[in-house]
Amino acid sequence: MGYQKPIPLKTQDNQPYWDAADRHELVIQKCESCQCYSHPPGPACAKCGSTELSWQNLGSDINGTVYSYVTSYRPFLPGFQDDLPLTIAIVELEKTPTVRIIGNILDCAPEDIKIGMPVKMTWQKITDDRSLPQWIPVS
């Protein structure tokens with residue numbers, strides 16, 4: 001039957017991010033003018049407005065801490081009804097603490113999730129050519 005949930009679309013602003021995710025790597029935009037990292041990707045730096053942006057490859061071994069989270073007990077989009085409860089987290093990256101990435105926390109009961117909890121990025125292959133960055137607890 002295949003993957004039934006919405007698949008993030010690649011745009012001219014985010015294509016390098018999603019192409020890297022499909023290779024199980026994390027790339028983040030960096031402003032060459034003010035040296036700030038920016039996520040989600042866009043056409044210009046969110047801090048200074050410069051369009052001089054580059055992509056920094058942070059690799060595939062990504063750790064972070066839970067900055068905030070919410071646990072959903074009802075599906076808001078088609079395809080999610082079998083995944084409930086679903087915990088969606090904002091995770092602050094260890095290598096670049098100014099960057100926070102949203103993803104689901106997998107393999108963890110909602111009541112065990114805490115702000116400040118260490119997590120590790122994992123790659124969920126959703127189709128033959130698409131992968132999503134997600135999070136699992138660090139044991």
Side-chain angles (χ1 to χ4, degrees):
M1 185 163 196
Y3 190 76
Q4 297 297 309
K5 299 172 189 152
I7 296 175
L9 296 175
K10 292 181 183 182
T11 67
Q12 72 180 37
D13 293 330
N14 70 21
Q15 183 161 352
Y17 174 81
W18 287 114
D19 286 348
D22 294 341
R23 296 187 307 271
H24 297 186
E25 295 176 339
L26 179 65
V27 299
I28 299 292
Q29 270 185 335
K30 184 176 183 182
C31 177
E32 295 300 322
S33 296
C34 71
Q35 300 302 303
C36 287
Y37 289 95
S38 183
H39 188 79
C45 176
K47 183 174 183 187
C48 74
S50 171
T51 57
E52 298 299 317
L53 303 171
S54 65
W55 290 92
Q56 302 294 306
N57 189 331
L58 302 181
S60 59
D61 187 24
I62 308 298
N63 292 307
T65 56
V66 174
Y67 180 81
S68 185
Y69 69 95
V70 64
T71 300
S72 175
Y73 291 91
R74 62 181 255 211
F76 289 97
L77 293 170
F80 288 92
Q81 60 275 4
D82 295 334
D83 294 337
L84 301 176
L86 181 66
T87 301
I88 304 122
I90 300 173
V91 174
E92 186 174 88
L93 299 184
E94 183 179 271
K95 292 179 183 178
T96 53
T98 57
V99 174
R100 296 181 183 134
I101 295 183
I102 295 174
N104 299 324
I105 297 182
L106 309 176
D107 303 330
C108 189
E111 60 272 12
D112 294 335
I113 298 168
K114 307 286 184 250
I115 291 175
M117 181 175 96
V119 290
K120 179 177 180 63
M121 188 173 278
T122 187
W123 304 95
Q124 184 180 39
K125 190 170 180 130
I126 59 172
T127 69
D128 286 342
D129 58 350
R130 292 304 305 272
S131 292
L132 294 176
Q134 304 286 18
W135 302 97
I136 55 173
V138 173
S139 9

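Enclosure of atom CG in Asp112 by more than 12 non-hydrogen atoms of other residues, nucleotides or ligands within 6.0 angstrom is indicated. For NZ of Lys5, the number of neighbouring non-hydrogen atoms (other residues, nucleotides, ligands) closer than 6.0 Å is greater than 12. Residue Gln35 places its CD atom among more than 12 non-hydrogen atoms of other residues, nucleotides or ligands, all under 6.0 Å distant.
The closest side-chain heavy-atom distance from Pro8 to Arg130 is below 4.5 Å. Within the 4.5 Å cutoff, no side-chain heavy atoms of Ile102 are placed close to those of Trp135. Put simply, the side chain of Trp18 does not reach to within 4.5 Å of the side chain of Val27, judged on heavy atoms. Using a 4.5 Å cut-off on side-chain heavy atoms (C-beta onward), Cys31 and Ser38 make no contact. Tyr69 has its side chain out of reach of Val91: every pair of non-hydrogen atoms, C-beta onward, lies at least 4.5 Å apart. Side-chain atoms of Leu53 and Glu32, non-hydrogen and from C-beta on, never get closer than 4.5 Å to each other. Looking at Ile62 and Leu93, their side chains come closer than 4.5 Å, going by heavy atoms from C-beta outward. Residues Tyr67 and Ile90 are in side-chain contact: their nearest non-hydrogen atoms beyond the backbone lie under 4.5 Å apart.
Atom NZ in Lys114 sits 8.5 Å away from atom SG in Cys108 (nearest 0.5 Å).
Between His39 and Tyr17, the ring-plane angle classifies as tilted under the 30° and 60° cut-offs.
When hydrophobic clusters are built by joining Ile, Leu, Val, Met, Phe, Trp and Tyr residues whose side-chain heavy atoms come closer than 4.5 Å, directly or via intermediates, Val138 is not grouped with Met121. Ile105 and Ile136 are members of different hydrophobic clusters when ILVMFWY side chains are connected at heavy-atom separations under 4.5 Å. Cluster membership check: Val99 shares its hydrophobic cluster with Trp55, using side-chain heavy-atom separations under 4.5 Å among Ile, Leu, Val, Met, Phe, Trp and Tyr.
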Derivation of the side-chain contact (heavy atoms from CB on, under 4.5 Å) call for Ile88 and Thr71: CA-CA 6 Å; Ile88 304 122; Thr71 300; over 6 Å; no

Derivation and outcome, side-chain contact (heavy atoms from CB on, under 4.5 Å), residues Tyr73 and Leu84: CA-CA 6 Å; Tyr73 291 91; Leu84 301 176; 5.9 Å; no

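Using a 4.0 Å cut-off between a side-chain N of Lys or Arg and a carboxylate O of Asp or Glu, Asp22 and Lys10 qualify as a salt bridge.
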